[in-house]
Amino acid sequence: MGILKRSLLIAVAAAAATSPSQALETDPFFAWGRDLDDSAPVLNAKMNLEIDAVLARIGNSGRAEELSCDDVVDRLLRDLRRFLFHTPELWLINSPLVSRVPATPEEEKQYRRRYTLHRTHVLDPATWMPPSPTIEVDGIRIGTDKVAHFLSQGGYYRGYYLDARREGQSPQEATDRALRRGLWVERTVLGGTSSGVLSLADLEANEQGMRWLVGLCHGDDPGLALEDGAWVRTRPFDIRDHVTPAWDEAWNPNVYGPRRWAKVRPVLEGYCDRLDSDGVRERRDRYARRAVDSRTRRLVEEAVRNGRIPDPATFGIEAVCGGRREDPPATPAVTPRSPNRGAGDGAGSASRARIR
Amino acid sequence: MGRRPGLIVTGIVLLALPCAVAADDTSTSRDDGRDWTTAILEVDAATERTVVGTLRARIAHPHEVGLAVGGLVTRLPPAWPCTVACDYRGPTWAVEIASGGVSASAGWATVIGHRSSRAPLMTHVYTAFGIRGVATRTRNGADWPADGARTLLGVEGAFTVAGASATVGFYRETAGPDRGRWVAGGGLGWGF
C-alpha cells in the first residue's frame, strides 16, 4: 500500500517535471546523398483540398455570412491542427504520393538510431516524439515538422499579431512583436532552455506561416473572400511562395545548449565525408544563390549581438567539419554561407554556448 | 481497397468542388502536369477499416499493477505504413490483468501513435485521449481494496502524452462488502 502510494507520487512528479515540449525534430543530414522528388505540387494540392474542405463545411453550415474572415481562419486552424501532430504532417509522413527519407520501415528504424539527437537517454523529452522525415519542396530539403510549424506556431504568431493590431500597432510593429515573442518562446519553453535545441529553421517556418495566415484576411489582396454567401480562396495556396533555404536545418543550423551539443557534434562529424559530394555541394551553392532575408533572421542576428544566443554559425556543418580537418583547403569547396553566418560578434565557442 | 472508397472520394470531390471552382484553382499550373488532387483523393482519401492492437501497463487504484491488451478499430488509407505516426480514432476495448484483479473496458479514443512494421500492434503512443466504460473484479484478499472481492462498474478517462498515460475513473461497487459505494480511482503508466 505504502509502496503503491509512493510509486504514484513519484510517477506524478516525474510526469509533471518533464513534458514533450519539443515536439518533432528532424535530421536533414540523414537524407544527404539520397534523391527525392519535389513534393511541392502534391503538398500544394493537399493543402488546397484541406482548405477547400474547411470552406465547404462552413458553407454547408449556412453560417458563412455570420463569420468574419478571421473567424474562418480560426476554423481553418482548428480543423488542421491537433495536439502536437497536425493533419498535413501526418499525411506527409504516410502518403505514398510523398517522396521522403526515410522511405521504408527499415530506414525509419535506422533513422531513429542515427539521427542527430539519438545520443541521449529515455527521459530526454526531445526523444519522446519521432524524428520527422525529410522531404524536398521547391528544391529545398525540409523536415515535415516545418509544415506543422508553418500552421501551428504560425497560428500562434498570427494571434500575437492580431492582438498587437487590436492595440493599435502598425502592421510592421505587430509583426515585430509577434516574431520577438515567438523567438522568446522558442528560446525558452519550446526549444533552447527545455530541450537544448533552438531551431532557427523552425522560426523561419513560423514567420512564413504567420504571414500566410494573416494574408488570408488582411493586406492589399486577401487570400479569402466572401462571394455570393460563401467563403472562397482568391488564389491557390502555394508552399513555394513561403519556403526558403532557411527552412533546411543543414543550411540554417540549430543552436544547441552545451550538453546537447556535446552529443550532437559527433553525429554531425559523421556527415563530413558527404559535405563535399557533388549533390550536397550543388544544393548548397543553389541555396546560396537564392536571396534569403527575413525579419526572423534579423532578430536572430540581434539576439546574437546581444549575447542572448550563441552564433549559430558555430553549430554549422562547415564549422564542425572544418574544425575537424587537420589541413582544411585554402579555398573551401563549400564556402560557409549560412544566412546567420557573420551575424554579430557571436558569443564565444559553441562548447561554452548558453541560450539565454 | 475498402467497400466504400468510391463513395468517400465522390463525397470529398463534391465538398471541395464549389470552392475549387470559385477560386479558379490553378494549383498545378506551376507543377509537373500531374493531377495531384485526383491522386490524393484516390490514394489517401479512400480508407479501409483496420484493427490495431494496443498495450498498456500501469499502476492504478483499484487495479494495482496491471497489464492491458486491447484493440482499436479505425479507418485509414491502406497504403499508409503508420510506422512513424498515424491518427487512430474509433472504438476501443481492452482486457487488463492486474495484481488487484481483472477488468474489461470498452470505449472510444483518438490516438496518435506508430505501429509495428511486422504486426498490427501500436508499439508507441504519442498522444491519446479516450473515455471508456470499465468493469472490474478485484481479487479476494488483494491489499487494495483491503478485504474481499468486489465488482466495480464505472467510467475512466485516459490521457497519454509521449507514451506516459494517466487515467482517472469513477466506479460503483455493484457486488462486494460495500455494495453501492462509489470509488474514485486513477493511475499512471505507459501506453494507452
Side-chain angles (χ1 to χ4, degrees), chain A residues 1 4 7-8 11-12 14-15 18-20 24 38 40-49 51-53 55-57 59-60 82-85 87 89-91 93-97 102 104-106 108-109 125 128-133 225 227-228 230-238 240, chain B residues 12 14-41 43-45 59-61 64-65 76-77 79-87 110 112 114 116-118 124 126-127 129 143-144 146 161-164 166 186-189:
Chain A
M1 177 98 169
L4 278 174
S7 301
L8 277 173
V12 169
T18 53
S19 68
L24 285 82
D38 200 306
V42 68
L43 175 57
N44 288 338
K46 174 65 175 176
M47 284 292 291
N48 284 310
L49 273 172
I51 295 164
D52 290 344
L55 298 181
R57 284 195 288 272
N60 292 341
R82 301 201 57 206
F83 180 53
L84 297 181
F85 291 82
T87 304
E89 184 178 23
L90 287 169
W91 170 79
I93 61 183
N94 282 297
S95 173
L97 301 172
T104 64
E106 281 310 309
E108 281 158 15
K109 284 180 190 164
W128 292 356
M129 295 289 155
S132 298
E227 289 179 6
D228 300 327
W231 283 100
V232 295
R233 286 187 285 113
T234 58
R235 56 182 171 273
F237 171 85
D238 195 332
R240 290 169 291 204
Chain B
I12 292 174
L14 288 175
L15 275 174
L17 197 57
C19 294
V21 171
D24 188 22
D25 194 341
T26 54
S27 62
T28 58
S29 61
R30 288 166 60 188
D31 297 342
D32 49 13
R34 184 169 175 187
D35 183 355
W36 287 106
T37 302
T38 302
I40 291 168
L41 293 173
V43 173
D44 294 316
I59 301 168
H61 174 73
E64 302 185 353
V65 180
L76 283 170
W80 285 26
C82 294
T83 47
V84 176
C86 260
D87 183 2
T110 171
I112 292 179
H114 74 72
S116 162
S117 58
R118 284 173 291 197
H124 193 71
Y126 298 112
T127 66
F129 173 75
D143 290 338
W144 194 9
V161 178
L188 293 166

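This structure is a prediction, so every number in the text was calculated from the model and none was measured. Naming: A, B, ... by sequence-line order, numbering from 1 per chain.
Within the 4.5 Å cutoff, no side-chain heavy atoms of D87(B) are placed close to those of F85(A). Two residues are said to be in side-chain contact when any heavy atoms from C-beta on lie closer than 4.5 Å; N94(A) and D44(B) fail this criterion. Two residues are said to be in side-chain contact when any heavy atoms from C-beta on lie closer than 4.5 Å; P105(A) and R118(B) fail this criterion. A heavy-atom distance below 4.5 Å is not found between the side chains of E108(A) and S117(B).
Using a 4.5 Å cut-off between heavy atoms, I40(B) touches chain A through backbone and side chain atoms alike. Contacts of P77(B) with chain A are absent, with no heavy-atom separation under 4.5 Å from either backbone or side chain.
Highest contact tally toward chain A, considering only S116(B), A85(B), A79(B), is held by A85(B) [criterion: heavy-atom pairs under 4.5 Å].
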